Each structure stands twice: as structure tokens, then as C-alpha cells.
Novice: 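Below you will find the structure I want to go over with you.
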2 protein chains.
Amino acid sequence: MTQTSLSPAPSSAPTAPEEATRVAVSTVIFTLRRDPLDDQTVVLPLVRRTRDPHEGLWALPGGWLNPTESLDAAASRTLAETTGIAPSYLEQLYAFGAVDRSPARVVSIVYWALVRPDEIPNDVVENVSWFDAAELPRLAFDHNEIVEYALWRLRNKVGYSRIAHGLLADAFTLAELREVYESILGRRLDPANFRRQVENSGTLIPTDRFRTGSHRPARLYRYNQDVELADRGPLVVRH
Amino acid sequence: MTQTSLSPAPSSAPTAPEEATRVAVSTVIFTLRRDPLDDQTVVLPLVRRTRDPHEGLWALPGGWLNPTESLDAAASRTLAETTGIAPSYLEQLYAFGAVDRSPARVVSIVYWALVRPDEIPNDVVENVSWFDAAELPRLAFDHNEIVEYALWRLRNKVGYSRIAHGLLADAFTLAELREVYESILGRRLDPANFRRQVENSGTLIPTDRFRTGSHRPARLYRYNQDVELADRGPLVVRH
DNA sequence: TCAAAAGTGTTGTCGATACACCCATGG
DNA sequence: CCATGGGTGTATCGACAACACTTTTGA
């Protein structure tokens, strides 16, 4: 009746190793890719399982938590090992721990990440493939549900935060940034109002370079690193 | 190189039971209490540790994750066991997993909760005490940091969500509700504007009863259960 | 010179704030 | 009748959406 957090609790402690709950770390990684109609769509990498359970199905990249590494470090490591990606943005999403989500008892700490297209390694990694986030096949475990939640968080966060630059290269035009917002939110935005909003937010620094195309050149902007280290709360993922 | 989430990973798997990472569940429970100056203040229950590590220090209520229960269930169970509280609002906060946060390797899934004063059992539970959230002593493990984060989330969420009723009894006056907001946000709110805001939000149902006091009686309101089941995303804690 | 995208100006609406004011009750 | 909190009315401000308009380029 006075059992305290983290104190030994003999009655509920596992008595044999095979009964032990294990901790896994997985990551939902988003990036943008042009579809055949030249629209940006949200895509994510999945790994084909090579053993049971769910052999042959696609699953989120991840792995077991190493006893000597933090959760953040485990997310980065398993991500690099399975996909070769080192994301520009990485944040904890949720801990999934339903009893029947896997044959063995597994608690998964799930992260979500944004990567810029130029951060994706060119060499094709075996058993890794990229999928349109809106048209996923049946995934292993509860990973469909996890991706849905990650997408909800992405759309939510893009509304009040300025994380869209995590999907763009260093320098970008306002039209490119707007296209990112449009593809995530799933609706068109007024170019004039969008310009004023981001200009007034103080998160962008105009450069003196321009993207020259088939029409009037557009100014290139950089992201202002100094802002928005405050609104994420006391917790920040250190790299 | 093709290791997939949740697949067996012999190299990183624990070889002996004592090396295994263990999963704990803790909860930060908030409620309001009148201080000597008759102001509402945010308070939370802590449990005094009766064994090492950190014997004698105060810690968040919690316990080990049982192999046959979900994370949500473990939060409810450990909460009831250590404090006797069954909160009206319970939501996962964050998973803490720094390597050095405990002598043994422990990953804590932390929840946060709101309780109404009438939900708190009258019988005093041994080794449990309530503390002003703004004036905590040094706590066991990283629990000071965890409470700070929970407070940040509480203040944040009260701004865009309507969870304040989780701290009030079934029926309440607008002044009482406003006082909850004021104590959480730490600033005074205009009574007239506050009234309009909550009235327009559609979250309150006026009753035909009044709270009679020393002056003009104030109408009692109930919370509208039908609202805001949408803005919490695909994940909801079921009771 | 024309199409198309970059970029600017203007207006209306809506919600939040500030604050003046009236209402109802206990003492 | 008066002090006090309950409750209403209203002017102002700023954020945002809608959209007309000008500018600059490649073809």
C-alpha cells in the first residue's frame, strides 16, 4: 500500500527472463516526394520483416533499446542502422504498450522525425521501401495505428509550430515552403496571406539569392535557428 | 542492417535477468487546494520512499508494469494502490529513459492526471502527502524534472482545451471555473470576457440551480460530455 | 507581348480585450 | 440602502481571409 515508483516490487517482478517485458524503439519518418502528377506527397520508409512475428509484412524502422543508451540515442541508432537516415527533426511521439500488440510483451517507445530530401542516402538499403503515407498496406503489429497518430501530430504541429523547414533544404522559396504546408494540411493556402504570416513570424531570414525558373525569380530564405526553442517545453532532444 | 522493429536482436538482448531494462509507470496527479490566504493552488500527492534507492525522499506514485496489463491499466492500478485515487482525467505524458536516472536501468512511462477534490479519499494513506506544485522539495530520481514538464503541459493544455472541469465537482459556478483557470495560468482573467468565452465554446450546460452565498446567487453549470472527444487525436485513454 | 508566378494593398470579419454599466442579494 | 459579486453592453484592436492589383521574368 506504500509501494513507491521505481521501488522493487517482488510480487510483480518477472521471475524468469522469458517473462520479462522488453523495450523497443521505433520511428515514423516523414519526408516529401513528388508524385506522378508533380504534387508533393508525404512518404515514409518501412522495413520488410525478415522473421516472425509478421514475417514478410512491412514495419516501422526500429530495434531494441540497448541497456547503455538513452531512448533518444536508441531512436537515432536504430534509425541509422535500418535506414541510414539521420533526421533533422526528432521528437518522442508516444509509448505503446497494449498487452496483445505483439506475441511477446513489448513496450515500444515511438519517435517521429522529419527529413529533408537531401538527407536521404542515395544507396538503396535492402528491405527498405518508401510508401505514400495516405495509402499504406497492412503493417506489422499496431504500426498502422501508430502512423495514423504520427500523421495527426504532424498536421497538428505544423499549425502552431514552424517545423515545416525540417522538410526543406537550407534555402527555399516561399512557394516551396507553402507547398510543404499545403501537402501536409491537404488544402490550398493563399500565397499573399501565407507570405505575410511567415514574414511576421520572424522565423525566416531573407537571403540575397533568387531561385530562377521559368518566370519571375523568387527570393530564397533561410530558417532562423534562434527562434522557437522556447515553445517545446522543458524537454528537448539533444543531438 | 535489416533489423526491424520488434524483431529479436540477439546482440542487444539481455543475457541475464539482472541486466534487463525494467518498465515502471508513474503519475503526476494535480488537484487544487485552498492555501492559508484562501487562494486556490495546484497541489500533487507524493509518496515517501521506504527503501533504496533514495530512501526517505519523496517520489511520484507509481510502480512496475505488470506483464499482463496495458500501460494505461498500470497507471490506474499503481495510482489506486499507492494513493487510493481514481482520477477523472488521465493521459500519457512522456517516456523517460535516461541511462543514469536510476541505479538500475528503468524506463518510466509517466502519466498525468486531474482529480476533483471530492474524488480524494478522506482516509489518510500512510507515507502519502500533498505538496504545493510550486514549492517542491528535492524529489527522488528525475521526478523534479518530470513534475516541471507535467506543469508545463497542464498550463499549455488549459489554454486550448477544456480540461479544467476535471478539477471541479459536477456542478460549479463560472466564478469557480474561472478561479481554476486563474490558479493554473497564474494570472487574473476578466470575469465578463471569461463568461462569454466559455459560453460560446459550447462546453457548458446551464442548470436551473444556483449557488447562494453572501451576495447575488450564481448559476450552476455542468460540463457537456459530448464535446472535445475529437481534438485529442486517434488515441484516447479508455476507462 | 503574353502567361504565370512574385509580391503589395485594401477591405471585411471575427475573436479577444478593456471597461462602463446594470442586477440581485445579504447584511 | 449599500457593498459585493453576478451578469450585460459596447468600443477598440489585431489577426486573418479574400481578392484586386502591380511587378518581373522566360518564352
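Naming: A, B, ... by sequence-line order, numbering from 1 per chain. What you see is a predicted model, and the numbers here were worked out from it, not measured in a lab.
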Novice: Go along nucleotides 17-27 of chain D 5' to 3' and tag each nucleotide: B for a protein heavy atom under 4.0 Å from its base, S when only backbone or sugar atoms are that close, - otherwise.
Specialist: BBB---BBBS-

Novice: With side chain to side chain donor-acceptor pair (under 3.5 Å) as the criterion, how do B:S108 and B:R101 come out once you've worked through the C-alpha distance, each side chain's angles and the decisive distance to 0.1 Å?
Specialist: CA-CA 10 Å; B:S108 280; B:R101 61 186 296 274; 3.2 Å; yes

Novice: Determine whether the aromatic ring centres of A:F172 and A:Y221 lie less than 6.0 Å apart.
Specialist: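 Centroid separation for A:F172 and A:Y221: 6.0 Å or greater.
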
Novice: Between atom CZ in B:R178 and atom P in C:dT17, what is the gap in whole Å?
Specialist: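 Going from CZ in B:R178 over to P in C:dT17 covers 14 Å.
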
Novice: Ignoring hydrogens and angles, tell me if any N or O in the side chain of A:D142 forms a donor-acceptor pair with the backbone of A:E145 under 3.5 Å.
Specialist: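 Answer holds: no.
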
Novice: Take the protein atom CG of B:L185 and the nucleotide atom P of C:dT17, then report the distance between them rounded to whole Å.
Specialist: 11 Å

Novice: Pull out every stem in DNA chain D, meaning runs of 3 or more consecutive Watson-Crick or G-U wobble pairs with both distances under 3.5 Å.
Specialist: C:1-27 with D:1-27

Novice: Quick check: does any side chain N or O of B:E182 sit under 3.5 Å from a backbone N or O of B:L189, one acting as donor and the other as acceptor?
Specialist: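 Flag set: sc B:E182 to bb B:L189 pair under 3.5 Å.
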
Novice: Would you kindly give the CG-to-C1' distance between A:L174 and C:dT8, to the nearest whole Å?
Specialist: 13 Å

Novice: If I take atom CZ in residue A:R188 and atom P in nucleotide C:dA5, what distance separates them, rounded to the nearest angstrom?
Specialist: 10 Å

Novice: Over 60° means perpendicular and under 30° means parallel, so classify the ring planes of A:F131 and A:W58, tilted if in between.
Specialist: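 Answer is perpendicular, since the angle exceeds 60°.
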
Novice: Round to a whole Å and report the spacing from CZ of B:F210 to P of C:dG26.
Specialist: 13 Å

Novice: In whole angstrom, give the distance that lies between atom CZ of A:R219 and atom C1' of C:dG7.
Specialist: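 To the nearest whole Å, that distance equals 11 Å.
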
Novice: What integer distance in Å separates B:L220:CG from D:dG6:C1'?
Specialist: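 My rounded result for the distance is 13 Å.
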
Novice: Could you walk me through whether B:E179 and B:Y181 pass the side chain to side chain donor-acceptor pair (under 3.5 Å) test, one step at a time?
Specialist: CA-CA 5 Å; B:E179 209 181 352; B:Y181 275 85; over 6 Å; no

Novice: Applying the side-chain contact (heavy atoms from CB on, under 4.5 Å) test to A:W112, which of A:L93, A:I146, A:L60, A:L151 qualifies?
Specialist: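 Of A:L93, A:I146, A:L60, A:L151, side-chain contact (heavy atoms from CB on, under 4.5 Å) with A:W112 is met by A:L93 alone.
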
Novice: Between B:W152 and B:Y149, how do the two ring planes meet: parallel, tilted or perpendicular, split at 30° and 60°?
Specialist: parallel

Novice: Within this structure, what is the CZ-to-P distance between B:R211 and D:dG7, rounded to whole angstrom?
Specialist: 12 Å

Novice: Taking only residues two or more places apart in sequence or in another chain, which ones pass side-chain hydrogen bond (donor to acceptor under 3.5 Å, both in side chains) with A:R222?
Specialist: none

